[in-house]
Amino acid sequence: MLKKKLFLVVFILITMMSTLVYGTEGEITPETTSAEIPAETSAENPDAASTEETAAEQNVTEQDMFFSGDEITIEQLIDGNVFVIGKTVTFKGEIGGDLFVIAEKLNLESGAIYGNLFAMAGEVTI
């Protein structure tokens, strides 16, 4: 009986991890990028639009990314899927694809995910 339960747990873990191996590379563009969104200015601060960087000026990674470790912080622009396994994962970036996370703590502080979020975490903070 114990062998059957152990086999079932290992089978489920392998099945869940197999999606991480088959990540596809390709150009995935979000429907609306931050460069296409008009910047708002106010009478108090008319230069608010000029101080913000556009997506074209920032460094964009155009491939799938893989991260692992204890403390992981994602603050970059990624045009692709992102796969993360860690103890504490903090997301502040922008992803044009899907975000796959396995973590103890997941902190979604700011940024945007134009695809789907697949998370398995003990604690999720949005």
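Being a predicted model, the structure only gives us computed values, none of them experimental.
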State, yes or no, whether a side-chain contact exists between Gln76 and Met65 at a heavy-atom distance under 4.5 Å.
yes
Please tell me if the side chains of Ile113 and Phe91 come closer than 4.5 Å, counting only heavy atoms from C-beta onward.
yes
Compare all side-chain heavy atoms of Phe118 with those of Asp98 and state whether any distance is below 4.5 angstrom.
yes
Is any side-chain heavy atom of Thr90 closer than 4.5 Å to a side-chain heavy atom of Ile72?
no
Flag the pair Lys105 / Val89 as yes when at least one side-chain heavy-atom distance between them is below 4.5 Å, and no otherwise.
no
Approximate separation, where rounding is to 0.5 Å, of Asp64 CG and Asn81 CG:
4.5 Å
Mind checking the CD-CE spacing from Glu104 to Met120? Nearest 0.5 Å is all I need.
12.0 Å
Within the structure provided, determine whether Phe100 and Val84 are in side-chain contact (heavy-atom separation under 4.5 Å).
no
So, taking the atom named CD in Glu109 and the one named CD1 in Ile74, what distance separates them when rounded to the nearest 0.5 Å?
11.5 Å
Of Leu108, Leu106, Asn107, the residue whose pairing with Ile126 passes side chain to side chain contact (heavy atoms under 4.5 Å, CB included):
Leu108
Look up atom CD1 in Ile102 and atom CD1 in Ile85, then write down how far apart they are to the nearest 0.5 Å.
4.5 Å
